[in-house]
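In what follows, a single structure is set out as structure tokens and then discussed.
What you see is a predicted model; the values in this text were computed from it and never measured.
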Amino acid sequence: MAKRHVALTRFGENVRALREKRELTQERLSELAELDQTYISGIENGSRNPTIRSVARIAKALKTTVADLCDGIDR
């Protein structure tokens, strides 16, 4: 199994935290972002490296910014 990248793990944690704060399921977030639920799951567990388009879709669906989703990645 490949080692997960710290930035991807942190990004996924941020997505999960904001999704849960908004009381959304992964399924509902995937509908709002027009992405597959398994893709959202992979992002949240740090195994997917999303494109900037996907990141923008997720940010819009969560009513936040790309910057907020990326908080703490550079640390």
Hey, does V15 have a side-chain heavy atom less than 4.5 Å from the side chain of L69?
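A side-chain contact under 4.5 Å exists here.
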Beyond-backbone contact of L8 with P50, side-chain heavy atoms, under 4.5 angstrom
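Side chain of L8 against side chain of P50, heavy atoms only: contact under 4.5 Å found.
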So, taking the atom named [atom1] in [X] and the one named [atom2] in [Y], what distance separates them when rounded to the nearest 0.5 Å?
X: Y39; Y: I58; atom1: OH; atom2: CD1; result: 6.5 Å
X: K63; Y: L18; atom1: NZ; atom2: CG; result: 13.0 Å
X: I40; Y: R48; atom1: CD1; atom2: CZ; result: 10.5 Å
X: L24; Y: S30; atom1: CG; atom2: OG; result: 10.0 Å
X: E34; Y: L29; atom1: CD; atom2: CG; result: 11.5 Å

With Q37, which of R28, E27, E31, Q26 fulfils side-chain hydrogen bond (donor to acceptor under 3.5 Å, both in side chains)?
Q26
If you take all heavy atoms of [X] and [Y], which pair is closest and at what distance?
X: A61; Y: A33; value: CB-N, 3.8 Å
X: A7; Y: I73; value: CB-CG2, 3.5 Å
X: F11; Y: I43; value: CE2-CG2, 3.5 Å

Counting N and O atoms only, with roles assigned by atom type, does the side chain of R22 sit under 3.5 Å from a partner on the main chain of L62, one being a donor and the other an acceptor?
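Judged by distance alone, yes, a pair lies under 3.5 Å.
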Is the backbone of D71 close enough, under 3.5 Å, to the side chain of R10 for a donor and an acceptor to pair up by distance?
yes
Has E20 got more than 12 heavy atoms of other residues, nucleotides or ligands less than 6.0 Å from its CD?
yes
